[in-house]
Structures are given as C-alpha cells and as structure tokens.
Trainee: 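Submitted below is the structure of interest, expressed as structure tokens.
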Amino acid sequence: KTHLHPFLSETNRTMADLSGILARLEAVTTRLEGVAGSGGGSGGGAAAAADSGDVAASVAEYDDLVSEHFSVFMDSANKIGDDVAEVAKLVEVVVKAQRAFLVCASKSKKPSAVDMQVLLKATADGLGAVQKFREDNRKSKNTNHLAACAEAIPAFGWVQVSPKPAPYVGDMLGAGEFYSNRVLKDFKGKDENHVSFARSLVAFLKGLQGFVKKHHTTGLVWNPNGGDAKADASGLMAALSKGADVTKGLKKVDRSQMTHKNPELRASSVVKADAVKPKAAAAPAKKYGASAAAAKPPKFGLEGKKWVVEYQKDNKNIVVEADKTAVSQTLYAYKCEGSVIKVDGKINAITLDGCKKTALVFTELVATIDVVNCQSVQVQVLNKVPTINIDKTDGCQVYLSRSSLNTEIVSAKSSEMNVSRPGATDDDDFIENALPEQFKTVLKDGKFVTESLVHE
C-alpha cells in the first residue's frame, strides 16, 4: 500500500501559540460543560460563546461525532501518555479549529479566496504542527502512533476540495490507517489503550468522511443569507481570546434542548447544498499608490492541457486530479510559498518554478520534473519518474519510492540537496543521502577530469 511520506511543514504559529489556543479552548469547554450539563459536547465552546445562539444542525452533528469518537481517542492518548498525548493535543487543536470554521461557514456568505486563506490559517498551522511534531520525534518508540496522526491530519483540508471532498477525506484516512494498523498489530491483545487509540482515530475519520458526504457533498456549504465571513471569524477569535470569560452570560440548557440528544431539533437549521447558488467573486477593490511588489491573487486551474498553480500561499490542500484517459497533461507551479501540492494520477511533466517552502507529491510522470529557482522545497514520487532536474535551487529534499530507485537526478547551480530512499523493508526508516555540491577538476593525460567532493 502506497503511503505519503510526511512533509516538514513550515508554520508561522509557534508550538507555544498553539498550546495557548488549546488551553483557552479547554477552559471554554470546561465552563460550558458546567453550564450545559453532561450533553454539551467537547467542541462547542467557541461558537456558542461567539453568538450565544443555536448552532446549525450540521455543526451539532459534528459535535456528536467528536463526542462519540474523538473523545475516546483523546482519553486513550492521555492514558498512553508521553509523545502520544502531546500529538493528540495538537490534533485536538485542528479538530476544534475546524469546528469554529464550520460555525463560521454556517452563519456566513462565501468569502473571497484571499479571505478564505485567512480564515483557514489556524487550521493550516495546526496541520503543520502535527506533521512537524512527527518529524521531530522520528526516533520515538511510538513512531507509528505519531505517523498515523501526521498522515491522516490533512483530511481536515477537505474544506478546500471540490467537487468530491468526501473521497479526499477517505484518501487521507487510508494514509493514516496504514500506520494505525501497525499499532493494532503491535498491541492487540497486549495493551487496550493503544488499540483504542488506533481504532478511535480511524472511526472518527470515517465519521468525518460520512459527515462531509452528507452535509457538504460537492464542497463546503456556506450560508447564502449569512453575514460577512471575515467579520464573523474575527468575532469568534476575539471571543476565544477572552479565555474563561467567554462563557459569561450563557443560559442553562436542559436535555430537551440538546440537539445531539434530540435529532428532530436539527431539521430547522439545515442549509441544503442545492439552496446555495454560486456567485461570481467580487472584483478586488483598486488600491492606488500600492507597491509594485504587492502580492498577486492565487491562481489554480486547468488551461488546455496545462494545470496552473500560481501565487498560492500557506495552502496545504492543493489537489490536481489528472485525466485518467490520457497522460498529456502538465503542471506548472509558480511562486508558491508554504503550500502543499498533490497530483493524483499520471501526467506528462511538472515544473516547480520560483517556489519557496513548498512540498509536491505526485504519483507518476512520463517525462521529467524540473525544479528551478526554488528555495527549501520537497518533492516526493509515489510510483515512477524517469528524470528529476534541479537547477538554481537552494534546498531540495527528494523522496523516492521503491519503484523509482532508477530515477536520474541532474543538478546544476544548486545547494542543500538530499535524496531519501526506502530502507531494506517497509518497516525500516528512509535512508537519506546528500547530493554533492562541490567538484574538483584536474588535468590527467591531457584531459580535464572532474570529480565530486564528498565529505564523510
């Protein structure tokens, strides 16, 4: 089974910042549970505090999903302790950030692409933190636990996938399940906490896939009659920053008013997918006197036979679906930063031009991938690629699959290049080798002979 090698995501938010957000969310949740009784749910504090009103039926169902499966996952992780408990807390940040985002979507009109990235920043930073934690703890005795979380966590990026977000969640679930099955194999019949950890993670993600398929079948559903998404999100985050004070003024709710205890209460607030009519994006306001170096709007689409991905920033969920009937399509990624691009299927060629701190994972190429004028990029092939060209690039990490060990790598005017290949067995860690950057040329027998300088 092919699984994705984790990318060391770059995030602007530090681990301390994420821990601070988690601490405030936990304080909010504790207070709310005290007010609402035993059925309040562990993810409802933020939104309830933000508007002190009822949440949408879909959000209530998300709360039920968290209560049924994710709470079991957290409980198991805390019993295991050590780095498993730590990574679980980072996953919890993402789960709660997504809950806050879903509340925003249920109460707001669809925002612009630029505002969408701002709204998703907390989620994106959380994804990066989980993956970085796994990278920083590769020697952990619980490496399969950490890998299961790191491989599956991109599932929460479904909010930017259309028209089939549910299958995307399924793909990420499969990547994480590869490692959770290893946990089951190692601990089944030995330690029930580890078994519960693995099973509850998979159960939660399967539930998330079903949730997305039911409520957001062709893509994230916004409220066509709602308010401004950016303003709503600002109010939500401002409420979160209050910490414990955020729950002041909430009224007590009895069991008859709890949506997850009374499904019939949900019907009145569901926003159906067919009720949302797509609107043309508003033209950006003109800014006179702006610098010529101002950021350009992100671009993503298929132009003829070429996929174009340009000016994407901190977008961890760019997915290119290749044409399965032909392999003539190409991909050109330009000036992307802090993003992750995934290519599903076989295409002809890829060019990564002027990108920074960007990761690319693709299935298979007919020709070559060119990495030009890039900084701190990562490239992974899941199946085969004939040639990898690296030119004028500072920092390039290449991950080869077992099927691509015969790939030719050609480099020029580049530095900090490393190639990782699979170990002897699937259970072994990747083996990393540095590509030479320095060369020595000497005159031998009337001819100049050049040799690479390898520092042991």
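Excluded from the calculations below are hydrogen atoms, water molecules and symmetry mates; all remaining heavy atoms, backbone and side chain alike, are included.
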Trainee: Indicate yes or no for a side-chain donor-acceptor contact from S420 to the backbone of Y399 under 3.5 Å, with no hydrogens or angles considered.
Mentor: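 Not a single qualifying donor-acceptor pair exists.
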Trainee: Decide if atom CZ of F439 counts as having more than 12 heavy atoms of other residues, nucleotides or ligands within a radius under 6.0 Å.
Mentor: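 Correct, the count exceeds 12.
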Trainee: I'd like to know whether D426 forms a salt bridge (charged side-chain N to carboxylate O under 4.0 Å, His left out) with R402, so could you lay out the CA-CA distance, the side-chain angles of the two residues, the decisive distance to 0.1 Å, and finally the verdict.
Mentor: CA-CA 10 Å; D426 290 339; R402 202 171 296 282; 3.4 Å; yes
Trainee: Can you find a heavy atom in the side chain of L146 that is under 4.5 Å from one in the side chain of D83?
Mentor: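 A side-chain contact exists here, since the closest heavy-atom pair is under 4.5 Å.
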Trainee: Could you report the tightest heavy-atom contact between V449 and K444, atom names first, then the distance?
Mentor: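 For V449 versus K444, the nearest heavy atoms are CG2-CB, 4.1 Å.
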Trainee: Using the six-membered ring wherever Trp is involved, compare the ring planes of F204 and F70 and label them parallel, tilted or perpendicular (cut-offs 30° and 60°).
Mentor: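 Because their plane-to-plane angle lies in the 30° to 60° range, the rings of F204 and F70 count as tilted.
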Trainee: Do K306 and Y332 meet the cation-pi criteria used here (NZ or CZ under 6.0 Å from the six-membered ring centre, within 45° of the axis)?
Mentor: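 Yes, K306 and Y332 form such a contact.
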Trainee: Heavy-atom distance under 4.5 Å between the side chains of Q378 and V361, does that happen here?
Mentor: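 Contact flag for Q378/V361 side chains = no.
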Trainee: If I compare all heavy atoms of T218 with all of S162, which pair ends up nearest, and what's the gap?
Mentor: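 Of all heavy-atom pairs spanning T218 and S162, the closest is O-CB, 3.3 Å.
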Trainee: Check whether more than 12 heavy atoms from other residues, nucleotides or ligands sit under 6.0 Å from atom CG of N406, and answer yes or no.
Mentor: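 No, not enclosed.
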Trainee: Testing the basics here: between Q312 and P298, what is the closest heavy-atom pair and its distance to 0.1 Å?
Mentor: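 For Q312 versus P298, the nearest heavy atoms are NE2-CB, 3.6 Å.
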Trainee: Are the side chain of D82 and the backbone N or O of V84 linked by a donor-acceptor pair below 3.5 Å?
Mentor: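 Between the backbone of V84 and the side chain of D82 there is no qualifying donor-acceptor contact (under 3.5 Å).
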Trainee: Rounded to the nearest 0.5 Å, what's the gap from CD on Q397 to CG on N418? Could you check?
Mentor: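 One gets 5.0 Å once the value is rounded to the nearest 0.5 Å.
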Trainee: Counting distance only, does the side-chain N/O of N78 pair as donor-acceptor with the main-chain N or O of M74 below 3.5 Å?
Mentor: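 Pair found, side chain donor or acceptor close to backbone of M74.
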Trainee: Atom CG in D64, atom NE2 in H69: separation rounded to 0.5 Å?
Mentor: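 Rounded to the nearest 0.5 Å, the CG-NE2 separation comes to 10.5 Å.
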Trainee: Shortest non-hydrogen contact from K305 to S328?
Mentor: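 Heavy atoms only, the tightest pair is CD-OG, 3.6 Å.
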Trainee: Just by distance, no angles: are the side chains of T393 and Q375 close enough, under 3.5 Å, to form a donor-acceptor pair?
Mentor: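 Their side chains do not contain a donor-acceptor pair, so the 3.5 Å distance test is not met.
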Trainee: Quick check against the 3.5 Å criterion: does S108 have a side-chain atom that pairs as donor or acceptor with the backbone of A105?
Mentor: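 Not at all, since once roles are kept as given, no pair shorter than 3.5 Å links the two residues.
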Trainee: Hey, does the side chain of S140 reach the backbone of N142 with a donor-acceptor pair shorter than 3.5 angstrom?
Mentor: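 Yes, the answer is positive, given that a donor and an acceptor are paired below the 3.5 Å cut-off.
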Trainee: Could you tell me whether the side chain of S339 reaches within less than 4.5 Å of the side chain of D314, counting heavy atoms only?
Mentor: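 No; the side chains remain at least 4.5 Å from each other.
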Trainee: For V103, is there any backbone N or O sitting under 3.5 Å from a side-chain donor or acceptor partner on S106?
Mentor: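 At least one qualifying donor-acceptor pair exists.
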Trainee: Name the orientation class of the two ring planes belonging to H145 and F187 (parallel below 30°, tilted from 30 to 60°, perpendicular beyond 60°).
Mentor: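 Perpendicular: the ring planes of H145 and F187 meet at over 60°.
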Trainee: Would you call R182-D427 a salt bridge at under 4.0 Å N-O?
Mentor: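 Salt bridge between R182 and D427, a charged N being under 4.0 Å from a carboxylate O: yes.
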Trainee: What closest approach, in Å, do V169 and A155 show between heavy atoms, and which atom pair accounts for it?
Mentor: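 Looking at all heavy atoms of both residues, the closest pair is CG2-O, 3.8 Å.
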Trainee: Hey, are the side chains of E310 and F300 touching, using non-hydrogen atoms and a 4.5 Å cut-off?
Mentor: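 Counting from C-beta outward, E310 and F300 never come under 4.5 Å.
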Trainee: Can you tell me how far the CG atom of N137 sits from the OG1 atom of T143, to the nearest 0.5 Å?
Mentor: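 Reported value, rounded in 0.5 Å steps: 9.0 Å.
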Trainee: Please check: side-chain N/O of E437 versus main-chain N/O of E416, any donor-acceptor pairing under 3.5 Å?
Mentor: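 Confirmed, E437 side chain pairs with E416 backbone.
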Trainee: Between the side chains of D394 and S415, is a donor N or O closer than 3.5 angstrom to an acceptor N or O?
Mentor: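 On atom types as modelled, these side chains qualify, holding a pair under 3.5 Å.
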Trainee: Determine yes or no for a side-chain-to-main-chain donor-acceptor pair under 3.5 angstrom, with S67 supplying the side chain and L65 the backbone.
Mentor: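 No, S67 side chain to L65 backbone: no donor-acceptor pair under 3.5 Å.
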Trainee: Nearest 0.5 Å, please: how far is OG in S401 from CD in E364?
Mentor: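 The OG atom of S401 is 9.0 Å from CD of E364, to the nearest 0.5 Å.
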Trainee: Is the side chain of K206 donor-acceptor paired with the backbone N or O of G170 at a distance under 3.5 Å, no angle test?
Mentor: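 Checked: no pair found.
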Trainee: To the nearest 0.5 Å, what is the distance between CD1 on I388 and SG on C396?
Mentor: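 Between I388 CD1 and C396 SG, I get 7.5 Å after rounding to 0.5 Å.
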Trainee: Give me the ring orientation class for F211 and H215: parallel if the planes are under 30° apart, tilted from 30 to 60°, perpendicular past 60°.
Mentor: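 Taking H215 first and then F211, their aromatic rings sit tilted (interplane angle of 30° to 60°).
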Trainee: Is the shortest distance from a Lys or Arg side-chain nitrogen in R99 or D63 to a carboxylate oxygen in the other one below 4.0 Å?
Mentor: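 Yes, this pair counts.
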Trainee: Let me see the working for K346 and V366 under side chain to side chain contact (heavy atoms under 4.5 Å, CB included), right down to the final yes or no.
Mentor: CA-CA 7 Å; K346 185 177 181 180; V366 175; 3.7 Å; yes
Trainee: Restricting to non-hydrogen atoms, name the atom on V159 and the atom on L220 that form the minimum distance, rounded to 0.1 Å.
Mentor: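 So the minimum-distance heavy-atom pair works out to O-CB, 3.8 Å.
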Trainee: Does the side chain to side chain contact (heavy atoms under 4.5 Å, CB included) test come out yes or no for I369 and F362, once each step is laid out?
Mentor: CA-CA 10 Å; I369 172 172; F362 61 92; 3.9 Å; yes
Trainee: Should E432 and R421 count as an ion pair when the cut-off is N to O under 4.0 Å?
Mentor: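 Here E432 does not pair with R421 in a salt bridge, since their nearest N and O are not under 4.0 Å apart.
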Trainee: Are any non-hydrogen side-chain atoms of E321 and Q329 less than 4.5 angstrom apart?
Mentor: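 When only atoms from C-beta onward are counted, Q329 and E321 do not touch, as no gap falls below 4.5 Å.
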Trainee: Do T330 and W307 have side chains that get closer than 4.5 Å, going by heavy atoms?
Mentor: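 The answer is no; the side chains never approach within 4.5 Å.
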Trainee: Passes side chain to side chain contact (heavy atoms under 4.5 Å, CB included), E61 versus V66? Steps please.
Mentor: CA-CA 9 Å; E61 191 165 322; V66 170; over 6 Å; no
Trainee: Can you check whether D186 reaches N144 side chain to side chain, under 4.5 Å on heavy atoms?
Mentor: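 Yes, their side chains come closer than 4.5 Å.
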Trainee: Nearest 0.5 Å, please: how far is CD1 in I409 from OG1 in T368?
Mentor: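 Between atom OG1 of T368 and atom CD1 of I409 there are 13.0 Å.
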Trainee: Indicate whether any N or O donor in one side chain lies under 3.5 Å from an N or O acceptor in the other, for T425 and D428.
Mentor: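 Distance-only check passes for T425 and D428.
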Trainee: If we check side chain to side chain contact (heavy atoms under 4.5 Å, CB included) with S404, which of these qualifies: L365, N383, V381?
Mentor: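 It is V381; the other options fail the test.
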Trainee: T450 side chain to K440 main-chain N or O, any donor-acceptor pair under 3.5 Å?
Mentor: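 Side chain of T450 to backbone of K440, a donor-acceptor pair under 3.5 Å: no, none is there.
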Trainee: Between K139 and D429, does the side chain to side chain contact (heavy atoms under 4.5 Å, CB included) criterion hold? Intermediate values first, please.
Mentor: CA-CA 10 Å; K139 299 300 182 181; D429 290 336; 4.2 Å; yes
Trainee: In the structure I gave you, are the side-chain heavy atoms of L208 and F156 within less than 4.5 Å of one another anywhere?
Mentor: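 In contact.
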Trainee: Measure up the Y311 and Y334 rings against each other and bin them: parallel (under 30°), tilted (30 to 60°), perpendicular (over 60°).
Mentor: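 If you compare the ring of Y311 with that of Y334, the planes turn out perpendicular.
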Trainee: Thinking salt bridges, do K121 and D125 make one under a 4.0 Å N-O criterion?
Mentor: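 Judged by the 4.0 Å cut-off on N to carboxylate O distance, K121 and D125 do form a salt bridge.
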Trainee: Does NZ or CZ of R134 lie under 6.0 Å from the centre of the six-membered ring of Y179, at an angle within 45° of the ring axis?
Mentor: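 R134 over Y179 ring: yes.
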